[in-house]
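Contents: one structure, followed by commentary.
This chain uses plain numbering: 1 for the first residue, then up along the sequence. Since the model is a prediction, treat every value here as computed from it, not as a measurement.
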Amino acid sequence: MKAPARKIKTIPALRLAHFAVCGVIVLLIGIVFGQTLSYDFVNYDDKTYIYGNPLVSSGLSLHGLLRAFVDTQTNNWHPLTLVSHMIDCQLYDLKPGGHHFTNVFLHTIAAVLLFLWLRNIAGKGQSGSDWSSAFVTALFAIHPLRVESVAWIAERKDVLSAVFFFLTLGAYVRYARAPSFGRYLTMSILFAGGLMSKPMLVTTPVMLLLLDYWPLKRIADRKSFWRMTLEKLPLFALSAAASIVAIALQVQSPTSVGQLPLAWRLQNALVTYVTYVWQIFWPVDLAVFYPHPDNQLAWWHVGFAAALLIAITWLVFALRKSRPYLIVGWFWYLIMLLPVIGIVEVGLQGHADRYTYLPHIGLYIALSWLVADLSISLHVGRQVLATAAVVVVVALSACARKQTTYWRNGETLWTHTLAVTKNNDVALTNMGVFLKDHGQFDDALSYFERALAVRSSSEHRHYRLSLAIIFDNVGEVLARKGRLDDAASNFWQAISYRPDYPDAHYNLAVLFFRKGDYDGAIDQFRTTLSIQPNDPGTNAMLANALVQKGLLREAVDHYQKTLESEPESQLALNNLAWLLAAGPDDSLRDGTRAVELALKLNRVTQQNNPFYIRTLAAAYAEAGQFEKAIETAQRASETANGQGQHGLALQIQEETDLYRRHAPLRDQGLTDAKKSR
């Protein structure tokens, strides 16, 4: 008698296969992007977002969390992205390897979520769904076009928003299969998180409508379409709000650029759509910045792009019933790119690799599912497909790994960009900035001159900011070389191109300060603040200039404004505490407040700066705590001696004798203009 056949459970084996796919994806990402953990910051937005942004670099705090939702320094509204950078600074300080790790980690999470979501919507038994999902995920994970989003720390918004995007899609699928208020709310919260990471996700409600058509099959006719659209009105409202905020910040920004003629923008948009498709198959000569072609595109180039886009759109529409994934994937690509395709310009670039991060997934899905279906019709064996897929993934991984090496630092990034692009004034300028920051002034000037030669060929107002930036950088280099008059003329030239460019006014003010022209410095610092209100660095420097003019009360106000924006500003903490402790104005002195500020200052600096310890001693004396003043002054003197600052140590010892006589310190170098009248 034969034993009854045993049913073999396939679910554990299937799950094991899914784990294996996820493991391979994680491994590939590690091979391609793991090298970034030893890379530096680059001088392109990393300063704006991280190491030059006091709100972020000071780490995580309640003040920072609140300010992240109203900060405008980056000219974008993505508070969760800023918070993620704050967390990095809290954990890793300004060690770039840690920041790179977070980018790679978030990209890995996004890739795994993409695979799990694809498996969830593909359903069991659909042709090649397992391996199609794996292939789509692999393309997303390691395609060379992903390098910019992952290797560039400032593009944290891409990888973070992707995590929220895929979580939103997953939550929506759960809601669609079993609608409930709780599931809709969960999905909406995740979507809001994505918008607060990168507003480019404003098209997500349309993506959900596409998924309703395929594979969820919730749209069968016009009536169901309008019902599904009505269902998403709250999501459209979130998108509208995020769009309004994003556009308002870009328009009001002092570094905003004018719009090129609409015809130029439309022509470039058509060509860019085709360029991004071509780059899927031929990802070579990739760069961090591609100059805009302006009106230099050939008519046949634009015509071919328009014809190709129309043809593909007609084709996928004609096949919408037999192969619905084609129309979904194609419109996913077209619509998700719409906010950044360049019709409304938010930068100088013609196109950018980072913009394809999520839109390309639609094309990956369409192509992968099409190949899987055709392989069945053409009786192509799975082994052939698997071999081809492995070859493609390995080749793209090798290209991506090579592309990642160009992000080692600013020098390698801009050297490569200049090698693969032409007439790239942005790359020339940033190469010059890198050299300037490393003290190579003559080489920096050479690059700035080349950038001017390129950019001066176009007088369109769109490029006035570029010219202002170049002249401003030339001025900085000349100022560092001691050629102050030449530097001033370049700053004025920058201002002539963009009177609302704050950096030029600020640098001119600093130059006036160096020359002892405090009235000129005050005037330019005030102009800077009229353009960039509440900037902590400008407020602190204006306060310093006001002190030199004896306008102490107004100086105190600006030091306090500095601390409102940057609570741990060492310059403002020290100088304000000193004015309150040792200033000549009886009505301004406040020993208790001075002690509070000086204690905070020394906590921030770990009590290793003799000047700051000296300030604390003066504050204790003004507060009548002379024993603490003596003890603190002695520590300041010892610290100064230990650092070889013997003159400062002798001065502090003289001040200590004053405290022993129970007399507070008065800085004879400070004058009160009000009293001297």
Donor-acceptor list for residues 135-145 side chains, cut-off 3.5 Å, not counting sequence neighbours:
{"residue": "Thr137", "atom": "OG1", "partner": "Ser133", "partner atom": "O", "Å": "2.8"}
{"residue": "His143", "atom": "ND1", "partner": "Leu145", "partner atom": "N", "Å": "3.1"}
{"residue": "His143", "atom": "NE2", "partner": "Ile280", "partner atom": "O", "Å": "2.9"}

Report summary line: Output for pair (Leu167 CG, Leu190 CG), nearest 0.5 Å, gives 5.5 Å

Query raised in the report: Heavy-atom distance under 4.5 Å between the side chains of Gln349 and Arg354, does that happen here?
Result: yes

Query raised in the report: Asp46 and Ala154: which non-hydrogen atoms are nearest, and at how many Å?
Result: OD1-N, 3.0 Å

Query raised in the report: Would you say Trp407 and Glu148 make side-chain contact, with heavy atoms under 4.5 Å?
Result: yes

Requested in this report: For Asn120 and Leu116, indicate whether the former's side chain and the latter's backbone hold a donor-acceptor pair under 3.5 Å.
Outcome: no

Query raised in the report: Rounded to the nearest 0.5 Å, how far does CG of Leu55 lie from CD1 of Ile50?
Result: 12.0 Å

Query raised in the report: Are side-chain heavy atoms of Leu65 and Leu60 found at a separation under 4.5 Å?
Result: yes

Query - Heavy-atom side-chain contact between Ile31 and Ser397 under 4.5 Å - result: no

Query raised in the report: Within the distance-only criterion (no hydrogens, no angle test), does the side chain of Tyr273 pair as donor or acceptor with the backbone N or O of Leu334 below 3.5 angstrom?
Result: yes

Query - Check against side chain to side chain contact (heavy atoms under 4.5 Å, CB included), Leu238 and Leu195 - result: CA-CA 8 Å; Leu238 287 174; Leu195 290 175; 3.9 Å; yes

Query raised in the report: Is there a donor-acceptor pair closer than 3.5 Å between any side-chain N or O of Thr203 and the backbone N or O of Val206?
Result: no

**Report entry** Check: Trp414 ring centre within less than 6.0 Å of Tyr44 ring centre
**Finding:** yes

Query raised in the report: For Phe69, does the CZ atom have more than 12 heavy-atom neighbours from other residues, nucleotides or ligands under 6.0 Å away?
Result: yes

Report task. Quick one: closest heavy-atom pair of Phe331 and Val316, and the distance? Result -> CE1-CG2, 4.5 Å

Report task. Carefully, step by step, assess Asn268 and Glu345 under the rule side chain to side chain contact (heavy atoms under 4.5 Å, CB included). Result -> CA-CA 11 Å; Asn268 182 64; Glu345 287 182 290; over 6 Å; no

Query raised in the report: Of the options Leu208, Leu211, Asp212, which is the one that meets Met228 in a side chain to side chain contact (heavy atoms under 4.5 Å, CB included)?
Result: Asp212

Query - Minimum heavy-atom distance Gln90-Ser58, with the two atoms named - result: OE1-O, 4.4 Å

Report task. For the pair Tyr276 (side chain) and Ala352 (backbone), establish whether a donor and an acceptor sit closer than 3.5 Å, ignoring hydrogens and angles. Result -> yes

Query raised in the report: Quick one: CG on Leu201 to OG1 on Thr168, what's the gap to the nearest 0.5 Å?
Result: 7.5 Å

Query - Residue Arg183 excluded, over 12 heavy atoms near CZ under 6.0 Å - result: yes

Query raised in the report: Is the shortest side-chain N to carboxylate O distance from Lys157 to Asp45 below 4.0 Å?
Result: no

Query raised in the report: Hey, is the main chain of Val159 close enough, under 3.5 Å, to the side chain of Asn103 for a donor-acceptor pair?
Result: no

Query - Closest heavy-atom pair and its distance - Tyr184, Pro234 - result: OH-CD, 3.4 Å

Query raised in the report: Is the distance between the ring centroids of Tyr49 and His78 less than 6.0 Å?
Result: yes

Query raised in the report: Would a distance-only check, ignoring hydrogens and angles, find a side-chain to backbone donor-acceptor pair under 3.5 Å from Asp40 to Gly410?
Result: no

Query raised in the report: Using 30° and 60° as the class limits, which term best fits the ring planes of Phe101 and Phe105: parallel, tilted or perpendicular?
Result: parallel

Query raised in the report: CG of Asp353 to NE2 of His360: how many Å apart, nearest 0.5 Å?
Result: 9.5 Å

Query raised in the report: Do Leu94 and Ser57 touch side chain to side chain, with heavy atoms closer than 4.5 Å?
Result: yes

Query raised in the report: Is Arg67 reaching over with its side chain to a backbone N or O of Gly64, donor-acceptor style, under 3.5 angstrom?
Result: no

**Report entry** Side-chain donor-acceptor pair present, His100, Tyr92, cut-off under 3.5 Å
**Finding:** no

**Report entry** His18 and Arg119: side chain donor to acceptor below 3.5 Å
**Finding:** yes

Query raised in the report: So how far is it from Ile244 CD1 to Ser239 OG, rounded to the nearest 0.5 Å?
Result: 11.0 Å

Query raised in the report: Just by modelled atom types, is the Ile219 backbone N or O under 3.5 Å from a matching donor or acceptor in the Ser224 side chain?
Result: no

Report summary line: What one should report as the nearest heavy-atom pair of Lys198 and Glu155 is NZ-OE1, 3.9 Å

Query raised in the report: If we only count heavy atoms from C-beta on, is the Met207 to Leu358 side-chain gap below 4.5 Å?
Result: no

Report task. Could you walk me through whether Thr405 and Thr412 pass the side chain to side chain contact (heavy atoms under 4.5 Å, CB included) test, one step at a time? Result -> CA-CA 8 Å; Thr405 63; Thr412 57; over 6 Å; no

Query raised in the report: Would you say the side chain of Phe41 lies within less than 4.5 Å of the side chain of His99, judging by non-hydrogen atoms?
Result: yes

**Report entry** Donor-acceptor under 3.5 Å (Asp93 side chain, Lys95 main chain)
**Finding:** no

Requested in this report: Take Phe33 and Thr108, measure what side chain to side chain contact (heavy atoms under 4.5 Å, CB included) needs, and give me the verdict at the end.
Outcome: CA-CA 10 Å; Phe33 297 113; Thr108 304; over 6 Å; no

Query - Distance-minimising heavy-atom pair for His351 and Thr272 - result: CB-CG2, 3.5 Å

Query raised in the report: Is the closest side-chain donor-acceptor distance between Arg146 and Thr356 under 3.5 Å?
Result: yes

Report summary line: d(Tyr355 OH, Met200 CE) to nearest 0.5 Å is 8.5 Å

Query raised in the report: Does Ile365 offer a backbone N or O that forms a donor-acceptor pair with the side chain of Ser368 under 3.5 Å?
Result: no

Query raised in the report: Is any side-chain heavy atom of Tyr172 closer than 4.5 Å to a side-chain heavy atom of Leu235?
Result: no

